[in-house]
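As structure tokens, the structure follows; a few thoughts come after it.
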Amino acid sequence: MSSLALYDTLTRTTSPFVPLKKGEVGIYLCGATVQAPPHIGHVRSGVNFDILRRWLTKSGYNVTFIRNVTDIDDKILHKAVHEEMPWWAVAMKYERAFTDAYDALNVLPPTYEPRATGHVTQMIELMQTLIEKGAAYAPGNGDVYLEVRKLSSYLTLSRQKLDDLQPAADADETYKKDPRDFALWKAAKPGDPSWPTPWGPGRPGWHLECSAMAHSYLGEAFDIHGGGLDLIFPHHENEIAQSEAAGYAFAKRWLHNAWVTASGEKMSKSLGNSLQVHELLKTVRGIELRWYLGSAHYRSMLEFSHEALAESATAFKRIEGFLIRSVEILGVQPTPTISQTFTDAMNDDLAVPTALASISEALRTGNTAITAGDKPVIASAANEIRGALEVLGCDPFDPAFAGAGASEDLNSALDGVIQLALAQRTAARERKDFAASDQIRDGLAALGITIEDTAQGPRWSITGNGSK
RNA sequence: GGUCGGAUGGCCGAGAGGCGAGGCAAGGGACUGCAAAUCCCUCUACACGGGUUCAAAUCCCGUUCCGACCUCCA
């Protein structure tokens with residue numbers, strides 16, 4: 001038996017995962033700033049950490065998974081002006097877009113999904129603690145800053161030196177003790193939303209909210225903090241700074257997912273528009289997009305191309321096709337089981353690509369067994385494959401992906417109609433009237449129904465793309 | 001300037017001292033009335049130059065190129 005080992009950005013090594021509390025895992029994942037529709041880079045993070053969560057759950061842990069929503073920030077306020085909507089309506093609109101995207105990709109809803117605006121009280125408490133401890137200061141302009149020079153462990157995650165940092169171009173140094181001090185809280189500007197605080201009305205700084213929410217739901221110390229690679233600095237450094245200065249042990253381990261790249265570069269805003277989740281879902285199903293996003297190792301860059309996505313979908317359909325045929329032959333859905341090779345791969349810092357190789361092997365075994373009519377082998381291969389797909393969130397029998405399906409009555413009626421046509425075709429084939437036989441097959445194909453002749457007789461499936 | 005990644009076959013994508021990961025595409029074959037599906041075979045790659053070693057895609061040194069972060073970022 002292997003046991004789970006995970007990489008830790010803090011130590012830059014892979015080490016055995018030991019939870020703070022036996023059988024329990026607390027995870028905090030930095031979620032979206034809801035100011036635009038999600039592109040695949042955003043949901044890759046969601047998918048990667050969903051796979052981690054599912055594997056931990058499968059391994060027997062009780063997982064508390066917190067993923068926040070940043071529903072107030074500069075960009076949202078700008079967008080509100082641009083879209084001529086209240087800022088809160090903008091935030092809600094895009095929060096829904098993210099939720100829809102997560103749902104389409106079968107990303108499990110977090111245990112709790114806190115919004116920044118709902119945790120101002122906790123943020124004020126945290127700032128009070130920080131000021132009392134002398135780590136933060138309110139210079140009187142309504143801002144509250146964290147004094148980074150006082151922190152010995154600042155920048156340990158990104159391994160930088162404070163003096164090497166380029167000072168922010170837009171830093172207002174009038175009130176800061178050091179240009180690198182960052183804002184915990186921002187004073188209200190005219191027309192902007194604000195919340196009252198002991199230091200004047202204002203709104204949350206980005207970093208503060210995550211520290212406050214992680215503390216609220218996971219306590220002073222928790223197991224895993226996740227996010228995209230680009231959050232290491234400044235966001236996660238600043239979260240550590242705030243939380244440790246407040247006296248919390250904070251995250252024990254840091255996991256960061258790599259980007260989706262296009263032409264070698266991190267997805268930019270302009271590219272992001274064409275790679276929005278809802279656009280891509282016009283070309284592939286959610287389960288196929290998820291398969292694609294999950295198939296690379298979470299710490300590797302994933303070079304996006306429409307061709308690669310299409311190929312990935314083809315590969316997935318082959319696996320799915322085997323499972324469907326296995327149900328037709330065995331009459332029951334496979335019972336998910338986890339093989340040792342899959343376990344070993346996943347326990348090795350979620351080596352999904354290696355795990356996928358074990359699926360390919362089982363697939364070949366299973367398909368060969370179908371040809372041979374070897375039901376026990378078909379069953380064991382199908383069980384193993386379904387077990388793996390379940391962990392990867394790509395189980396075709398998962399009700400999450402069955403949503404748009406027709407009712408049982410309708411399916412039953414449709415099957416009856418097609419069987420009538422197939423009986424005609426079989427009769428035509430028996431009298432060697434292949435013209436008539438092919439006419440029926442072509443006719444069904446035009447309706448998006450594919451006919452395949454197998455050793456067990458003809459089978460049909462809806463593959464779409466029928467001519468209109 | 002500082003910090004951190006990367007370069008693997010037609011394409012995607014693992015591996016991290018010794019047994020050709022895997023997938024997709026392509027070609028050939030089996031099966032089939034044809035097709036589809038499936039199976040089998042073929043396609044022996046690790047940016048470059050040195051070095052260490054019995055053995056290097058993997059370790060070391062150097063070089064080139066690409067990318068990320070440095071207070072908006074998944």
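All heavy atoms count here, side chains included; hydrogens, waters and symmetry mates do not. Proteins get letters first, then strands, A, B, ... in listed order; numbering begins at 1 in each.
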I'd like the [atom1] distance from [M] over to [N], given in whole Å.
N	M	atom1	answer
B/rG9	B/rG49	C1'	23 Å
B/rA7	B/rA45	C1'	13 Å
B/rG6	B/rC48	C1'	16 Å
B/rG15	B/rU58	P	15 Å
B/rG18	B/rC72	C1'	49 Å

Check whether NZ of the Lys or CZ of the Arg A/R67 lies under 6.0 Å from the centre of the six-membered ring of A/Y102 and within 45 degrees of that ring's axis. yes
Send over the distance from [X] [atom1] to [N] [atom2], rounded to a whole Å.
X	N	atom1	atom2	answer
A/R159	B/rG2	CZ	P	18 Å
A/F304	B/rG67	CZ	C1'	19 Å
A/L309	B/rA25	CG	P	14 Å
A/L229	B/rU3	CG	C1'	12 Å
A/K266	B/rC69	NZ	P	4 Å
A/E361	B/rC40	CD	P	11 Å

When you check the phosphate oxygens OP1 and OP2 of [N], does a side-chain N or O of [X] lie under 4.0 Å from one of them?
X	N	value
A/R318	B/rC39	yes
A/R431	B/rG33	no
A/S312	B/rC24	no
A/S158	B/rC4	no
A/N367	B/rC39	yes

Given [options], which nucleotide is nearest the side-chain atoms of [X]?
X	options	value
A/R425	B/rC12, B/rG33, B/rA74	B/rG33
A/V260	B/rG33, B/rC70, B/rA74	B/rA74
A/Q160	B/rG2, B/rC11, B/rC39	B/rG2
A/T371	B/rC34, B/rA74, B/rU38	B/rU38
A/D453	B/rC72, B/rC24, B/rA35	B/rA35
A/A296	B/rG13, B/rA74, B/rU71	B/rG13
A/E452	B/rA36, B/rA14, B/rA74	B/rA36
A/A308	B/rC12, B/rG13, B/rU71	B/rC12
A/S360	B/rC24, B/rA74, B/rG23	B/rG23

Set out, in order, the CA-CA distance, both residues' side-chain angles and the distance that settles side-chain hydrogen bond (donor to acceptor under 3.5 Å, both in side chains) for A/D192 and A/S194, then state yes or no. CA-CA 6 Å; A/D192 280 358; A/S194 69; over 6 Å; no
Test for a donor-acceptor pair under 3.5 Å between the base of [N] and the side chain of [X], counting only N and O atoms.
X	N	value
A/D438	B/rG33	yes
A/R441	B/rC34	yes
A/D73	B/rC72	no

Output yes when A/R54 and A/E390 qualify as a salt bridge under the 4.0 Å nitrogen-oxygen rule, no when they do not. no
Taking NZ, NE, NH1 and NH2 as the nitrogens, is one of them in A/D181 or A/K150 under 4.0 Å from a carboxylate oxygen of the other? no
Looking only at the aromatic ring of each residue, does the gap between the centers of [Y] and [X] stay below 6.0 angstrom?
X	Y	answer
A/F342	A/W55	yes
A/F222	A/F250	yes
A/H39	A/F304	no

A/L302 near the nucleic acid: base, sugar-phosphate alone, or nothing, with a heavy-atom cut-off under 4.0 Å? sugar-phosphate
Under 4.0 angstrom, heavy atoms only, what part of the nucleic acid is A/N48 near: base, sugar-phosphate, or nothing? nothing
